[in-house]
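Counting from 1, the numbers follow the sequence of the chain as shown. Note that ligands are numbered from 1 as they come in the structure, with each ligand's atoms numbered from 1 the same way.
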Amino acid sequence: MHERIYLSPPHLGAREEQLVLEAFRTNWIAPLGPHVDAFEQELCAYTGAQHAVALSSGTAALHLALEALGIGAGDDVWVSALTFAASVFPLCYVGAVPVFVDADIRSWNMDPALFVDALHDAARRNALPRAVVLVHLYGQCADVRPIAEACAAHGVLLIEDAAEALGATYEGRAAGTFGDVGFYSFNGNKIITTSGGGMLVTPHPRVAQRVRMLATQAREAVPHYEHRHVGYNYRLSNVLAGIGRGQLEQLEARVAARRAVYARYDAAIGVLPGIALMPEASYGRTGMRSTRWLTTLTIDAARFGADHETVRLMLEAQQIEARPVWKPMHQQPVFAGCRVIGGSVSDALFATGLCLPSGSSLTVAQQQRVIDVVRSCAAIEPRESERADTKSAAA
Ligand SMILES: *Cc1c(COP(=O)(O)O)cnc(C)c1O
């Protein structure tokens with residue numbers, strides 16, 4: 001039996017071990033400590049962000065972003081429709097009302113034209129959202145400029161969910177540094193990991209200060225325990241920040257490795273009829289870099305000869321983990337009844353999309369196993385339902 005190939009496993013080295021050991025040796029096992037401060041500074045230096053706060057997860061970062069920006073009960077917040085549910089759950093924690101905005105087929109990210117039109121329309125109806133959560137999907141930046149400009153013109157706050165996009169750039173600037181708040185995730189499957197963790201970045205010193213305060217049980221800066229707000233226990237521990245520092249040193253190498261994985265898939269699978277890898281958007285400008293956190297593709301079953309689910313099951317039978325593309329938020333039972341602007345592009349991407357193993361530690365030999373299985377699927381007879389579809393399409 002083959003060893004299992006995972007979608008995006010953690011990839012750690014000796015440096016992380018050394019930094020964690022340092023935390024042990026100096027007895028900094030508490031939350032907070034020198035690694036936390038250094039991790040924040042190093043992330044600021046890497047991304048060009050002005051302020052950073054290390055937190056227990058990306059989800060916690062979004063939750064505190066909403067709290068610190070004063071977004072709460074009854075406030076409309078527009079969110080990318082094609083994303084992971086953690087881009088939306090924190091809105092529910094504070095009682096905000098999510099409205100989903102469809103993706104653009106050229107980037108799989110929020111459609112800027114659709115967004116700008118809808119925002120102007122909302123302004124005319126006096127129904128502007130308080131904020132937008134703009135997701136940078138699978139390691140690629142959304143088309144930030146037109147979206148940020150429309151937000152600024154209408155006084156709408158911009159939050160960037162860069163959980164999947166640390167290392168990605170847009171116009172040469174780091175994902176997450178365009179909005180009022182941005183955040184990254186260091187969950188085990190992300191491009192760098194602390195096993196679990198997150199980081200909030202912001203250009204606003206008062207937002208950073210408030211997030212820090214709320215994340216540490218809302219303690220006021222006095223010697224005794226004084227609380228004027230409801231707080232959270234959301235800080236990253238010093239041990240995990242040590243792992244994060246070691247990981248951050250490797251980030252450029254990790255990006256290069258994931259891009260190399262993508263390039264090999266593109267050469268071996270991207271050329272097959274009916275297969276289209278997620279495009280690398282240029283938005284007509286320079287300075288774009290996708291990290292290719294995950295290599296994702298769509299499969300036109302009629303042309304390829306097998307649908308995405310058949311391919312996934314064939315991979316699974318060979319101990320290879322592949323996953324469907326994120327199920328759009330407007331299709332999620334938990335968000336039933338929420339408004340969606342557009343939606344058909346996200347629906348089509350979910351209906352045909354697949355994510356392939358893309359870890360930075362994936363070897364060429366392992367990747368060849370994945371490629372061989374996918375290529376072998378091209379010869380599979382289409383399922384009954386597709387055959388019927390093809391016939392009716394031909395009729
Ligand atoms: C992983 C992820 C999150 C949540 O980050 P956690 O650190 O796991 O809480 C949020 N948004 C997106 C798009 C993600 O992929």
Side-chain angles (χ1 to χ4, degrees), residues 6-10 39 43 52-67 77-94 96 98 100-101 103 107-110 131-142 144 158-168 175-176 179 181-201 211 215 232-237 240-241 243-244 247-248 254 258 278 290-296 323-330 332 334-335 346 349-350 353 355 358-359:
Y6 292 96
L7 190 71
S8 181
F39 190 28
L43 190 118
V53 187
L55 297 166
S56 54
S57 68
T59 309
L62 179 53
H63 185 185
L64 293 189
L66 298 169
E67 291 268 0
V77 177
W78 291 10
V79 193
S80 307
L82 187 66
T83 186
F84 178 46
S87 307
V88 187
F89 285 150
L91 304 179
C92 307
Y93 305 165
V94 302
F100 304 118
V101 183
S107 70
W108 299 27
N109 277 302
M110 188 185 284
V132 174
V133 177
L134 178 63
V135 181
H136 303 303
L137 206 68
Y138 295 128
Q140 168 154 279
C141 286
V144 183
L158 178 61
I159 300 170
E160 293 176 76
D161 177 345
E164 302 177 1
L166 182 60
V181 168
F183 68 92
Y184 310 102
S185 166
F186 310 120
N187 192 23
N189 61 353
K190 297 298 183 345
I191 192 152
I192 62 169
T193 182
T194 59
S195 74
M199 188 83 77
L200 180 146
V201 293
V211 166
Y232 303 90
N233 185 1
Y234 274 176
R235 278 295 244 167
L236 187 69
S237 87
L240 300 187
I243 300 177
Q247 289 271 287
L248 193 57
R254 300 288 191 261
R258 296 218 184 216
M278 177 183 178
S290 166
T291 65
R292 298 296 184 189
W293 171 55
L294 295 183
T295 293
T296 55
R323 289 284 182 89
V325 163
W326 297 126
K327 182 173 183 178
M329 294 301 104
H330 53 274
Q332 297 289 354
V334 67
F335 301 128
S346 309
L349 290 170
F350 174 62
C355 307
S358 308

Checklist entry - Under 30°, 30 to 60°, or over 60°: which ring-plane class applies to Tyr232 and His63, parallel, tilted or perpendicular? => result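 If you compare the ring of Tyr232 with that of His63, the planes turn out perpendicular.
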
Checklist entry - Would you call the rings of Trp108 and Tyr138 parallel, tilted or perpendicular, where under 30° means parallel and over 60° means perpendicular? => result perpendicular

Any donor-acceptor pair under 3.5 Å linking the side chain of [X] with the backbone of [Y]?
X	Y	answer
Thr291	Ala165	no
Asn187	Asn189	no
Ser80	Leu82	no

Ligand 1 polar-atom proximity to protein (N/O, under 3.5 Å):
unit_1   : atom_1 : unit_2 : atom_2 : d
ligand 1 : 5 (O)  : Ser185 : OG     : 3.3
ligand 1 : 7 (O)  : Gly58  : N      : 2.8
ligand 1 : 7 (O)  : Ser185 : OG     : 2.7
ligand 1 : 9 (O)  : Gly58  : N      : 3.4
ligand 1 : 9 (O)  : Thr59  : N      : 2.9
ligand 1 : 9 (O)  : Thr59  : OG1    : 2.5
ligand 1 : 11 (N) : Asp161 : OD1    : 3.3
ligand 1 : 11 (N) : Asp161 : OD2    : 2.7
ligand 1 : 15 (O) : Glu164 : OE2    : 2.6
ligand 1 : 15 (O) : Lys190 : NZ     : 3.3

Checklist entry - Are His136 and Glu160 close enough that a side-chain donor and a side-chain acceptor fall under 3.5 Å? => result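 Side chains of His136 and Glu160: pair found under 3.5 Å.
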
